[in-house]
**Q** 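Here you go, one structure.
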Amino acid sequence: MDERVLTLRELNRATLARQLLLERKRLSPAAVIERLVGMQAQWPPAPYVGIWTRTTSFRREALERKLAGTAVVKATVMRQTLHLVTRRDYALLRAALSETNYYDQASDAKRLAPAVRELAAAGPVTTPEALAYLEDVHGLTGRRARLAWRGARVRAHVLHHHETALWHARPGGRFVAFEEPEAHDPTEARAAILRRYLAAFGPASRRDIGAWSMMHVPELSRALERLEPLRRFRDEHGRELLDVPGAPLPDVKIPAPVRFLPKWDNVLLAFADRTRVLPEQYRKTVIRMNGDVAQTFLIDGFVAGTWSVTKGGVATEPFAPLSRAAQRELKQEAGRLEAFLAD
């Protein structure tokens, strides 16, 4: 039997449903973060807006309590970028990434990880303090010192202090030694994480999975074999799409509400082909050359403009003229976002 071809709109609605962007749910911050397999956290307010736009009755204090109690941590994981992840997922992700040739696999990182952990265990440490230590004690300077610090702290489970992830985050990065995570078999951990990825972002191609994880093809192939049987589809370009059994594929006629997305929202970065949510003609406007990802809003499920905070509230800049109905809904949702930001 030929594999079913999913249209762009079918992929859009499937992605929105799994990303909690088709219907808000009453979920805790930790439940949302686990469902999305982490949330980008380069900009401290981003996860807060991302959770607000996906849930009902979210209060910022609820996430901050989880951060203070280390149920949620700020760590370098997928794509070597900062995410908020739960304690359980941190252990899985570190094991899943342990065979990927990132900075933590370099010889300096392996050699210095115990010393860096000991340094951070004595109290919160800043990057300038760590670099000074590496120069004074180990003779490393310049780029080599920076790479050693970056790799060693990841390898040694030295994470960002929770105060750097608060809504009103303290300026300047501080790092603390986190307890050794539970050990997992790397391939089994990857399989568990990839199953979760497909549940949250699928159906997706192997290139999409690689773009999201930045894991190597052999690592991904071994893990995907553990997930069989998988559902298989094709997109309109003939590319194979993988999915977990039973995951939702909503009717394309289901209306998609206006939603505001923060900087670096997961749904814009989790695919090699982002057109299921981000039209190609707007990609370079949204995802800039310097790696910055704009704050955007969705109309009918697709990115239709950007937003910013001004003295007058939330300002929107549509990429194209909007219908009167879309303008009204956008204004109403902007009002709700303004109330959340001002709370």
**Q** Could you check Leu11, Leu6, Leu8 and say which one makes a side chain to side chain contact (heavy atoms under 4.5 Å, CB included) with Glu236?
**A** Leu8

**Q** Do Arg234 and Glu240 have side chains that get closer than 4.5 Å, going by heavy atoms?
**A** yes

**Q** A side-chain contact here means heavy atoms from C-beta on lying under 4.5 Å apart; do Phe58 and Tyr48 qualify?
**A** yes

**Q** Check the angle between the aromatic planes of Tyr90 and His157 and answer parallel, tilted or perpendicular using the 30° and 60° thresholds.
**A** perpendicular

**Q** Consider only side-chain N and O atoms of Thr15 and Asn12, and report whether a donor and an acceptor are under 3.5 Å apart.
**A** no

**Q** Between Met78 and Ile193, is there a side-chain heavy-atom distance shorter than 4.5 Å?
**A** no

**Q** Assess whether a salt bridge exists between Asp300 and Arg9, defined as any Lys/Arg side-chain N lying under 4.0 Å from an Asp/Glu carboxylate O.
**A** yes

**Q** Do you know which of Arg150, Lys110, Arg153, Arg94 makes salt bridge (charged side-chain N to carboxylate O under 4.0 Å, His left out) with Asp104?
**A** Arg94

**Q** For the side chain to side chain contact (heavy atoms under 4.5 Å, CB included) test, which of Leu220, Leu241, Leu224 pairs with Arg206?
**A** Leu224

**Q** In this structure, are over 12 heavy atoms from other groups packed under 6.0 Å from Glu338 atom CD?
**A** yes

**Q** Quick check: Trp212 with Tyr197 (ring centres under 6.0 Å apart)?
**A** yes

**Q** Would you call Glu99-Arg190 a salt bridge at under 4.0 Å N-O?
**A** yes

**Q** Set out, in order, the CA-CA distance, both residues' side-chain angles and the distance that settles salt bridge (Lys or Arg N to Asp or Glu O under 4.0 Å) for Glu333 and Arg336, then state yes or no.
**A** CA-CA 5 Å; Glu333 187 67 6; Arg336 287 191 282 269; 2.6 Å; yes

**Q** Salt bridge or not between Arg18 and Asp243? Use side-chain N to carboxylate O under 4.0 Å.
**A** yes

**Q** Check this for me: does any side-chain nitrogen of one of Asp251 and Arg13 sit under 4.0 Å from a carboxylate oxygen of the other?
**A** no

**Q** Tell me if the centroids of the rings in Phe297 and Trp307 come within less than 6.0 Å of each other.
**A** no

**Q** Relative to the ring of Phe340, is the ring of Trp167 parallel (under 30°), tilted (30 to 60°) or perpendicular (over 60°)?
**A** perpendicular

**Q** Does the side chain of Thr100 come under 3.5 Å of the side chain of Glu219 through a donor N or O and an acceptor N or O?
**A** yes

**Q** Heavy-atom count check: over 12 atoms from other residues, nucleotides or ligands less than 6.0 Å from Arg226 CZ?
**A** yes

**Q** Quick one: do Leu82 and Trp264 end up in the same hydrophobic cluster if we chain Ile, Leu, Val, Met, Phe, Trp and Tyr together by side-chain heavy atoms under 4.5 Å apart?
**A** no

**Q** A side-chain contact here means heavy atoms from C-beta on lying under 4.5 Å apart; do Leu261 and Gln295 qualify?
**A** no

**Q** Inspect the contact between Arg283 and Glu280 and indicate whether a charged nitrogen and a carboxylate oxygen are less than 4.0 angstrom apart.
**A** yes

**Q** If I compare all heavy atoms of Ala169 with all of Thr164, which pair ends up nearest, and what's the gap?
**A** CB-O, 3.5 Å

**Q** Are Arg87 and Glu179 close enough for a salt bridge, meaning some N to O gap below 4.0 Å?
**A** yes

**Q** Quick one: do Arg276 and Asp235 make a salt bridge, cutoff under 4.0 Å?
**A** no

**Q** Measure the acute angle between the ring planes of Phe175 and Trp149, then classify it against the limits of 30° and 60° as parallel, tilted or perpendicular.
**A** perpendicular

**Q** Keeping Arg54 on the side-chain end and Arg24 on the backbone end, is there a donor-acceptor pair under 3.5 Å?
**A** no

**Q** Does Arg60 pair with Asp343 as a salt bridge, N-O distance under 4.0 Å?
**A** no

**Q** Is Val309 linked to Val258 within one hydrophobic cluster, defined over Ile, Leu, Val, Met, Phe, Trp and Tyr using a side-chain heavy-atom separation of less than 4.5 Å?
**A** yes

**Q** Please determine whether a side-chain nitrogen of the Lys or Arg among Arg232 and Glu3 lies less than 4.0 Å from a carboxylate oxygen of the Asp or Glu.
**A** no

